[in-house]
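We count residues from 1, following the sequence as given.
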Amino acid sequence: MKPTRTVDVAIIGAGTAGQSAFEQINKITDNIVVINKGYWTTTCATVGCMPSKLVIAGAERAFHALQSEEFGIGTSQKSNIEGTQVMARIQNGRDHFTKSVKKAIEDWDENKKIEGKASIIKERFIQVNEEIIEYKYLIIATGTQAVIPEQFSDKLGSMLLTSDTIFEMKDLPNKMAIVGAGPVGIELAQAFNRLGVEVILLNRTSKIAGITDKTINQKAIDCIGTELTMHLNSKITNVDRENGQAVLYFTDDKNQERTWQGDKVLIATGRHHVLDELGIENLAVELDDDKKPIHVNKQTGQIADSTIFIAGDTSTHTPILHLASYVGKNAGKVIASLLQDKDQPTFEPLTPLSIVFSEPQIAQVGAHIDNIRYELGKDNFVIGKFNFEKQGRSRIEGVNCGLIHIYANKKSGEILGASMVAPDAEYISHILAMAITHKLTVTELLKTPFYHPTILEGLRVALLDILNQLK
């Protein structure tokens, strides 16, 4: 097979991971190409974390305006929510973020970019458009696409939404069903409900937002369920359309048959890689039953000891932006060192951290409780707890629904992980991530001052609870 072009490195995908890798490799070689089909931005800026936070920002203002009467501030019974203006602000804000990403890519040399769908022909060869490209090293960073069950796409047409299309709405619908209670489903269900949309949330299990601690999961359901209609442990039995509206037939947690009819249905049941469309089976790497590579280095994305790297949401690991950036950057650094015949750099794993921007926020950091229980045994770790119900600052702000669980090694006092549904969880979890990264004990973290009155004092009380159990 005769190539039309030979490169040191080919990168398939121009999202967060692909861009991060390019920035590293481009420092030491001009013989690099990025192949991309679709938008030349990132999932986060275009259809992910940034537009969703724009929805949440508007929703918080609407919700707290209606809740202000308890503070002695009068409001009308219903906020004057202009749906077209809400969506216009979301789209304008989204475009602001994507513009800066596009600008960075526009500065790349044109001969380093190819618009088109890449196909892996065999080891070391890619086809895109009319070109056959031979590479020394390959980075796959093709991202994911929304999973849409067949029965929904066949019946609902334009009434069907995914996280790729929901931010394109010109106005707010009157009624919306959201299928899937993961992080995206929880965030958008609460946000659109607060914006005056009549929302129901359907989920086939009782687990929400990916929470692994059962007690925290139930507390999250209790807190968020006060304002949002959730049908957990439900099963959708049929999908239809009637009089220009979507119709869902489902059984609830008591096996009672129910029917919902409304304007839009958002499918938030997860995203899936597109590796099968890429032709990854043509590479000499071992795949699992889902056609994902196995033996992938978590820090660099290198597949075994091959010249193939996989990074970003495509990877077998958690699809979160800071991880995509980290692994993409590391992959670039490793390849750069190989191209220069230098020793490969090594990298420390990042402390796991995930945050859901509901209210109260949900966060998990460090090791999950099931893993700790499996590795240490149920008698070798302790859980520090704090309930925000009676906490001073939280009550002042009217946000006193929440619970923290912090896990610590019973022998050493080292902080291992935490799960929480809490006000300011994004800040509390970052403090704990720092502590876990540096292997701090509870005693060492308690040397930090906690100002009064702050919501962060809840962290201090949970740590003291651990300390009392270690005595």
Side-chain angles (χ1 to χ4, degrees), residues 183 207-224 351-471:
K207 183 178 179 178
I208 71 170
I211 303 171
T212 55
D213 187 310
K214 292 179 180 179
T215 305
I216 298 297
N217 186 70
Q218 186 56 54
K219 187 65 176 180
I221 293 169
D222 294 342
C223 292
I224 297 172
T351 297
L353 174 64
S354 62
I355 302 171
V356 179
F357 292 89
S358 54
E359 189 173 4
Q361 295 174 340
I362 296 164
Q364 297 184 111
V365 56
H368 292 173
I369 187 169
D370 291 340
N371 292 338
I372 296 171
R373 189 178 288 118
Y374 175 79
E375 292 177 8
L376 294 184
K378 63 183 180 66
D379 297 324
N380 294 315
F381 74 99
V382 295
I383 303 176
K385 304 174 183 179
F386 181 72
N387 191 317
F388 283 86
E389 182 180 356
K390 296 181 180 179
Q391 201 226 19
R393 182 62 184 275
S394 298
R395 289 184 63 84
I396 289 170
E397 301 292 339
V399 292
N400 57 312
C401 190
L403 179 66
I404 294 179
H405 279 183
I406 302 174
Y407 320 122
N409 187 300
K410 190 173 184 179
K411 183 177 181 180
S412 67
E414 182 180 339
I415 299 167
L416 304 173
S419 182
M420 68 197 75
V421 52
D424 284 354
E426 60 182 299
Y427 307 116
I428 297 170
S429 60
H430 274 86
I431 292 172
L432 287 168
M434 179 277 296
I436 295 167
T437 298
H438 295 284
K439 302 185 183 300
L440 298 186
T441 65
V442 171
T443 301
E444 289 168 334
L445 186 53
L446 278 169
K447 293 177 181 178
T448 302
F450 290 86
Y451 202 82
H452 175 78
T454 61
I455 290 173
L456 285 169
E457 286 180 292
L459 170 59
R460 177 178 178 271
V461 178
L463 293 170
L464 288 171
D465 185 31
I466 294 174
L467 201 59
N468 290 332
Q469 297 177 65
L470 297 180
K471 293 180 179 177

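- Within the structure, side-chain hydrogen bond (donor to acceptor under 3.5 Å, both in side chains) contacts touching residues 421-431 (residues at least two apart or in different chains) are Q361-E426.
- Put simply, the side chain of V442 does not reach to within 4.5 Å of the side chain of I406, judged on heavy atoms.
- Considering every non-hydrogen atom in both G366 and I436, the closest pair reads CA-CD1, 3.9 Å.
- In this structure, CD1 in I211 is found 12.5 Å from CD1 in I369, a value given to the nearest 0.5 Å.
- Listed by first and then second residue, the side-chain hydrogen bond (donor to acceptor under 3.5 Å, both in side chains) pairs involving residues 379-390 amount to none (not counting sequence neighbours).
- Not counting sequence neighbours, the partners of D370 by the side-chain hydrogen bond (donor to acceptor under 3.5 Å, both in side chains) test are R373.
- At least one side-chain heavy atom of H405 sits under 4.5 Å from a side-chain heavy atom of T215.
- For residues 424-471, no residue pair satisfies the disulfide bond (SG atoms under 2.5 Å apart) rule, not counting sequence neighbours.
- Residue pairs meeting the disulfide bond (SG atoms under 2.5 Å apart) criterion with at least one member in residues 428-471: none, sequence neighbours excluded.
- Between I431 atom CD1 and T448 atom OG1 the span is 8.0 Å, to the nearest 0.5 Å.
- Using a 4.5 Å heavy-atom cutoff, the side chains of I415 and L463 are in contact.
- Of the inter-residue distances, the one linking L416 atom CG with I372 atom CD1 reads 5.0 Å to the nearest 0.5 angstrom.
- Here the CD atom belonging to Q364 is positioned 10.0 Å from the CG atom belonging to L353, to the nearest 0.5 angstrom.
- Residues satisfying the side-chain hydrogen bond (donor to acceptor under 3.5 Å, both in side chains) criterion with Q218, sequence neighbours excluded, are D222.
- In this structure, the side chain of Q391 does not engage the main chain of N400 through any donor-acceptor pair within 3.5 Å.
- Interatomic distance, CZ of R460 versus CG of L467, reported as 10.5 Å (0.5 Å rounding).
- Looking at every heavy atom in both residues, A425 comes nearest to I362 through CB-N, 4.5 Å.
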Let's go through I383 and Q469 carefully: what are the C-alpha distance in whole Å and the side-chain angles of both, what is the deciding distance for side chain to side chain contact (heavy atoms under 4.5 Å, CB included) to 0.1 Å, and is it a yes or a no? CA-CA 9 Å; I383 303 176; Q469 297 177 65; 5.6 Å; no
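- Nearest heavy atoms, L432 versus A418: CD1-CB, 3.6 Å.
- Summarising the geometry, atom NZ belonging to K219 is positioned 15.0 Å from atom CE belonging to M420; distances are rounded to the nearest 0.5 Å.
- Contacts classified as salt bridge (charged side-chain N to carboxylate O under 4.0 Å, His left out) and involving residues 355-364 (residues at least two apart or in different chains) are given here: R194-E359.
- Within the 3.5 Å criterion, the main-chain N or O of F450 finds no donor-acceptor partner in the side chain of E457.
- The minimum heavy-atom distance between P183 and V356, with the atom names listed, is CB-CG2, 3.8 Å.
- With sequence neighbours excluded, the residues satisfying side-chain hydrogen bond (donor to acceptor under 3.5 Å, both in side chains) with R393 are E397.
- In plain terms, the two heavy atoms of I455 and P423 that are nearest each other are CG2-O, 3.5 Å.
- The list of ring pair (Phe, Tyr, Trp, His ring centres under 6.0 Å) pairs with a residue in residues 352-404, not counting sequence neighbours, reads F386-F388.
- With sequence neighbours excluded, the residues that form a side-chain contact (heavy atoms from CB on, under 4.5 Å) with S412 are N409, E414.
- In this structure T437 satisfies the side-chain hydrogen bond (donor to acceptor under 3.5 Å, both in side chains) test together with T351, sequence neighbours excluded.
- For Y407, there are no ring-ring contact (aromatic ring centres under 6.0 Å, His included) partners two or more places apart in sequence or in a different chain.
- Taking each heavy atom of C223 and G402 in turn, the nearest pair found is SG-N, 3.9 Å.
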